[in-house]
Number of protein chains: 2
Amino acid sequence: MAQYREQMAALKSPASSSLKLGPVKIPRAAEVLANQLREEIVGGRLSDGDMLPNERELTESSGLSRSSVRDALRMLELEGLIATKQGRNGGSRVCKPGRDTIVKTVSLFISSRRTRRVSLVEARGAIEPTAAMLAAKHRTDEDLARIQEKHAAMVAGIDDLDRFLRGNLDWHMAIVHASHNDLLIAFMESISHAVYDVTNDETLNPPEVRQQVVRIHGRITDAIEKQDPAEAKRLMERHVTAYAEFLGMS
Amino acid sequence: MAQYREQMAALKSPASSSLKLGPVKIPRAAEVLANQLREEIVGGRLSDGDMLPNERELTESSGLSRSSVRDALRMLELEGLIATKQGRNGGSRVCKPGRDTIVKTVSLFISSRRTRRVSLVEARGAIEPTAAMLAAKHRTDEDLARIQEKHAAMVAGIDDLDRFLRGNLDWHMAIVHASHNDLLIAFMESISHAVYDVTNDETLNPPEVRQQVVRIHGRITDAIEKQDPAEAKRLMERHVTAYAEFLGMS
DNA sequence: CCTGCATTAAAGGTCTAATATTTAGTTGAC
DNA sequence: GTCAACTAAATATTAGACCTTTAATGCAGG
């Protein structure tokens, strides 16, 4: 605790000289501790699956109060770096953050900024062609089966907007997953729900558009089956820009 | 509080029938409150700049303890949905989450999963061509000036690896900013530092590669100046895939 | 032997209440 | 009028108690 107070004091000490300095960040106790623990984790001294000391021990060794310790643990938990379990033999276990952490953050970003439809479609247009190319390059047989299955589901549901859009979403996500690139998967998962919501409208999916979508999806699926990266990318690019232009006109 | 206990009890009530159900999520008091407040915010009943009730009021109206209320506020703060200020007239003010929230999350994801270099470069390869295209389409004069400035800085620092890479990074980010697409900017900011770290190596940037990089950067800058989206995209695509292949060989 | 129940211990979850610190306004001396 | 001291209102932190959950343990009865 004394340690902490010193840090505080140092931060607030007057800059008596004429140094121009930006706004001073005053960290809270919990943040300081969280930073230390985070450093231990990403620095590799604590690895996946290890247990953190329990709250009371941390309280002692840090010199902070239990509330502050708990605040720090909550932060790490929200960051997806630890998972906390109640009960005997419970405690905080280190774990690698999953894609869901990214998805939550980006989803909040999108919905609270009311990101425009065009921005979403642009972002999708950036990710999907590359994802399709990588899928064609790296797909396994299970990946392919999944993609074909989702495509079939969409074709079967072409007359039902909900089923059609659901199948559409699933097909796109199956392709991105087949890229085996965690970052692209996370980004795409983050925006796909928003894209779904924003295109969930009868007028944005008239029958002739659906027909065309199904046709090109089929061709892309084939290109991935044949493991033709360039073709998969080219077709996917045409597909997303075509739909973007269609949206732009409506 | 009584309310909360009821929820708990309901969650644990025996499913007397033979329903198969997944692992039961047991929310904590603070989470429940956080969810309610988050809903108020993203649902639009509280908008950017509004003040939340202070902690004691929330304590009263929620029936929870102050610790739980504070836990909830901390969560929202970490999500970037509120900013809390100490002191008189302090409190929690609603704010839109910024890109930095995404950047932090994704950076943690990358570093704690030890994401492979190739994945990073693939993700960059997805984002940048589209960003270049959008930059050519939507750039302002200030955007262009900034891009040209960063390009000049890189050229000037071509013999100093640090300056070269720093200029490289800045140029790429300037282009992405000129796309005026918040999602692409956030994604690119998230990975650019990692890409920088991962390519910060003399052997990955021999003189002849630097020369070539500068040349094509110049052409891309020109395409953006001339507002030629297709050309900007084509060149950027060639640029990133060329570097990806160079990395793949080394 | 093994099943099932009660007990217990260890951990996190919650509540209360007090104290410390920060910050914006207010007042008063000059 | 201006600056310093004071005051009030808010969050930050601490302390300690009690509650709830969970797993291990032990024991009784099959």
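In what follows, chains are A, B, ... by sequence order, proteins preceding strands, each numbered from 1.
At a cut-off of 3.5 Å, with distance as the only test, a side-chain donor of A:D143 or A:T140 sits close to an acceptor on the other residue.
Closest to the A:R88 side chain, of the nucleotides D:dA24, C:dG13, D:dT7, is D:dA24. Closest to the side chain of A:R70, out of C:dG13, C:dT21, C:dA24, is C:dG13. When distances run from any side-chain atom of B:S65 to the nucleotides C:dT14, C:dA24, C:dG13, the shortest one goes to C:dT14. In the set C:dG25, C:dG13, D:dT13, the nucleotide with an atom closest to the side chain of A:R66 is C:dG13.
An OP1 or OP2 oxygen of C:dG13 is reached within less than 4.0 angstrom by no side-chain nitrogen or oxygen of B:S68. Applying the 4.0 Å criterion to OP1 and OP2 of C:dA11, one finds that A:R56 has every side-chain N and O outside that range. Within the structure, a side-chain polar atom (N or O) of A:N54 is placed less than 4.0 Å from OP1 or OP2 of C:dA11.
Judged by distance alone, with hydrogens and angles left aside, the side-chain atoms of B:H177 form a donor-acceptor pair with the main-chain N or O of B:M173 at under 3.5 Å.
Rounding to whole angstrom units, CE of residue B:M51 and C1' of D:dA10 are separated by 9 Å. The CG atom of B:L33 sits 11 Å away from the P atom of C:dT14 (whole-angstrom rounding). Remark: P of D:dA10 and CD of B:E77 are 18 Å apart, rounded to the nearest angstrom. The separation between A:R93 atom CZ and D:dT22 atom P is 15 Å, rounded to whole Å. Rounded to whole Å, the distance from CG on A:D71 to P on D:dA12 is 9 Å.
Heavy-atom minimum distance, A:V195 versus A:R124: CG1-NH1, 3.9 Å. Closest approach of B:H193 and B:E189 over heavy atoms only: ND1-O, 3.5 Å.
When each of A:K85 and B:G87 is assigned the nucleotide of DNA chain D with its nearest heavy atom, B:G87 is the one assigned upstream, toward the 5' end.
B:S92 comes within 4.0 angstrom of no nucleic acid atom, judged by non-hydrogen atoms across all strands.
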